[in-house]
Structure formats: C-alpha cells, structure tokens
Amino acid sequence: MPAINETLGQYSELFMLLAAGTYTVAFIAFAWDLAKSSKTFQAVDLKAAASSTSEKVSVAAGRVGAALSGADAGGPAGRAERPTSGLTHAGGTAAGDMKYTAERRVPARVAVALTVLGVLIHGAGVVTRALGAGRVPWGNMYEFLTTGAFVAVAVFLITLIRRDLRFLGTFVLGLAIIMLVAASVSFFTPVGHLVPALQSYWLIIHVSIAVLSSALFTLTFAMSVLQLLQSYRQKNLSAGRNDNLAFMSVVPNALSLENLSYRINAIAFIGWTFTLMFGAIWAEKAWGRFWGWDPKEVWTFVIWVVYAGYLHARATRGWTGTRAAWLSIVGYACVIINFTLVNTVFNGLHSYSGL
C-alpha cells in the first residue's frame, strides 16, 4: 500500500508539472490577445480619425458646391446630402467590425481552450494526490497552494460561462503559475498522514470554504488592479494625453470593473464569514475553546475586518473609485500574508504546514 501511495504521489507531481506548463502557454496566449488588441485598436482609431477628417472635408465641399449651384439657378441654396461613411463602433464598417472582432478574439479563445485543458490536468493532479494520501488534499502548504490554484482557475472558467472575463486570464493564470511554482520549489511535502488535530470532518468544511473564498478574492484582486490601470488611462485620455495603455481597450471601464468586483467581494465575504465561524467551532472541538488569539485566528479575523470595512465604506460612505480598489487590494494582501507568513514564520497551533 505505501508503494501505491508513493506512485500516486509521483503521478500527482507529474500532473502538476504538466498543468503548470499548459497554464504558461495559455498565459502567453492571453498576453498575446492583449498585445494584439492594443495594436488593432490603435490602427482602428487612426482609421477612424482619418475617415472623420475626410468626411468633414467632403461635407464642407458639398455645402460650397450646393450653395454655388443654388445661386446659379436663382433659387434657394440646395441642401447638401451628408455622406454616410458606414462607420460603426471603433471606426470599422459593420462587416469589417465583425471580422475584426472575430480575429481579435482568436488568441483569447485558444487561451481559454488551453486553460480548460490545464485545469483538467491540474484536477487529475489534485485527485491523485488525494488518493495517494487517502484524504482531502489540503493538509499542508503544498496541498493548499496546489488545490487553491486549481480552484482559482476553475472559478475563473465557471465565471466565463456567465460573463466575458477573458481579460482577467493573464492575471489569474499568472497567479496560478506562481502558486504552483512556489508549491513545488518552496513548500513541497511528500504524501503523508495528517496530524491528529487535522483529522476531522471540519477540515473538509472549513478549508474548502476558505479555498473557494480565496479564489473569489483572487478574481477581485485582479479586477481592482485593472480598475486602477483603467482609471489612470481614462484620466490621461480625458486630458488629451497619449494612450500608453492601449491594451486596456479590451477591458471594461473602471466603473464596470468596480461594480463587478464589489458584487464578487460581497459573495466572497459571506464565504469568509463562514470560514471564521467554522474555524471557531473546529477549534472548540480540537482544543476546547472557540478563540485563543492564535496568529492564524487573528489574521483570519483581520481579513474579515478589512473586507467588512471595504463593503461598508463603499456601500454607505461613498468610498468609490481608486479608494475602493486599494481597499480590495489591501484585503487580498492580508489573505496572502495569512496563507504564507502566518503558516511559515509565526509559531502557533496552526504551525503544521508540513515544512
């Protein structure tokens, strides 16, 4: 039996490596989509500007010609027909705009397909790790990072069914790759049994909700970063400056990003509230008290307070725009600290990360 467990653990490591490689190719495809979008939008904007200039000249010439013709005929000046250029949206024709959209999204569609393939391979790695360990695969830092990365990418793909968030692909996959590399390089732990404190059904309940909430916080973190970039870009465009972030043309405006981030943060906050509650119940079952000011417990509560402050400030105090984005980013920074420094540096009852 130990030999089988070890073999499954090796297969899991191989699957994780293949998943990281697939995510890397998908990451490049998403980045290519943004870069291609930048160049295409610049070309379309130049074409629109040139068409607008020629249209104005044509209209002016038509008015002059009509005035002269009307004067020669001795009647009222004829009304010049305003020429139609057939331009739509960003300056392309209706047919051309459809073709342009299809061409622009080819790299994004390829990236999504690769991401689906990667998440299937990644899921196989998580499952084989669970089978090899004979338990749920989130009992140490290595397992938490690999499972957390899987859930983050899976949530991203599920969200794509309802909303076109492909512009987040570069950020989400970038974070997933970092998590997988960190797990393999810094936190690798062979397949093994759990310490007695973790041998409880509360591990499944408490940690699964924490992982799901963290995945949602990852999405909102990416949205908040893009919101700051988009807000900066919109201010530059309003001031008549050059567009140095043309790739952001494919990303929704800052207000849309903020509203969507707020809604997802509200859902993730509910999940984190249950994480805090179930953690307290588990602590009472394992150690005979609901709260003991353990570093992990404190930072879990700090995260709850930061996101509660974010939701309250935005809903009732008018903290919108960049201030709301920065609060969301601070909250995610606390999440990162909680799952890295607190698990590896601080001594406490939760210091069983497997290192």
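All of these numbers come straight from a predicted model, not from anything done at the bench.
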Inset, instruction - Tell me, with the steps shown, if L257 and N253 meet side-chain contact (heavy atoms from CB on, under 4.5 Å). - result: CA-CA 6 Å; L257 288 170; N253 61 48; over 6 Å; no
[atom1]/[X] to [atom2]/[Y] distance, rounded to the nearest 0.5 angstrom?
X	Y	atom1	atom2	answer
Y11	E6	OH	CD	12.5 Å
Q230	M248	CD	CE	4.0 Å
N236	Q234	CG	CD	10.5 Å
I209	W272	CD1	CH2	11.0 Å
M16	S184	CE	OG	8.0 Å
I337	Y332	CD1	OH	12.0 Å

Check the hydrophobic clustering (I, L, V, M, F, W, Y; side-chain heavy atoms under 4.5 Å; chains of links allowed) and say if [X] and [Y] are grouped together.
X	Y	value
V136	V191	no
L18	F150	no
I267	L276	yes
V298	V330	yes
V305	F278	yes

Legend entry - Carboxylate-amine/guanidinium proximity below 4.0 Å for R166 and D164: yes
Can you give me the closest heavy-atom contact between [X] and [Y], atom names plus distance?
X	Y	result
F217	A268	CE2-CB, 3.4 Å
I329	S224	CG1-CB, 3.8 Å
Y262	Y310	CA-OH, 3.3 Å
C334	V306	SG-CG2, 4.2 Å
A280	F290	O-CD2, 3.4 Å
F30	A108	CE2-O, 4.2 Å

Inset, instruction - Could you check S328 against M223 for side-chain contact (heavy atoms from CB on, under 4.5 Å), going step by step and ending with a plain yes or no? - result: CA-CA 9 Å; S328 179; M223 290 180 188; over 6 Å; no
Contact between [X] and [Y] at the side-chain level, heavy atoms closer than 4.5 Å - yes or no?
X	Y	answer
F274	L212	no
L237	R241	no
L160	L157	yes
F339	S214	yes
F221	L175	yes
T170	L34	yes
T322	Y232	no
L168	L226	yes

Legend entry - F188 and Y142 aromatic centres sub-6.0 Å: yes
For [Y], does its backbone N or O pair with a side-chain atom of [X] as donor and acceptor, under 3.5 Å?
X	Y	answer
K296	V342	no
T159	V155	yes
E297	W291	no
H206	T275	yes
T316	A313	no
T147	P137	yes

Legend entry - side-chain contact (heavy atoms from CB on, under 4.5 Å) evaluation trace for R233 with L229: CA-CA 6 Å; R233 173 176 176 265; L229 292 175; over 6 Å; no
Donor-acceptor pairs under 3.5 Å, side chain of residues 110-128 to any protein atom, not counting sequence neighbours: which ones?
| from | atom 1 | to | atom 2 | distance (Å) |
| --- | --- | --- | --- | --- |
| T115 | OG1 | A111 | O | 2.7 |
| H122 | ND1 | Y23 | OH | 3.1 |
| H122 | NE2 | T146 | O | 2.8 |
| T128 | OG1 | A124 | O | 2.8 |
| T128 | OG1 | G125 | O | 3.0 |

Using the salt bridge (charged side-chain N to carboxylate O under 4.0 Å, His left out) rule, collect all pairs that involve [range], keeping only residues at least two apart or in two chains.
range	answer
residues 142-159	R129-E143, R135-E143
residues 251-268	E258-R314
residues 169-192	none
residues 269-288	none

Inset, instruction - Examine the side chains of S256 and N259 and answer whether a donor and an acceptor come within less than 3.5 Å of each other. - result: no
Inset, instruction - Return yes when atom CH2 of W326 has more than 12 non-hydrogen atoms of other residues, nucleotides or ligands closer than 6.0 Å, and no otherwise. - result: no
Inset, instruction - Report yes or no: is the cationic atom of R323 (NZ for Lys, CZ for Arg) under 6.0 Å from the centre of the six-membered ring of W319, at an angle within 45° of the ring normal? - result: yes
Inset, instruction - Tell me, please, which residues at least two apart from F269 pass ring pair (Phe, Tyr, Trp, His ring centres under 6.0 Å). - result: W304
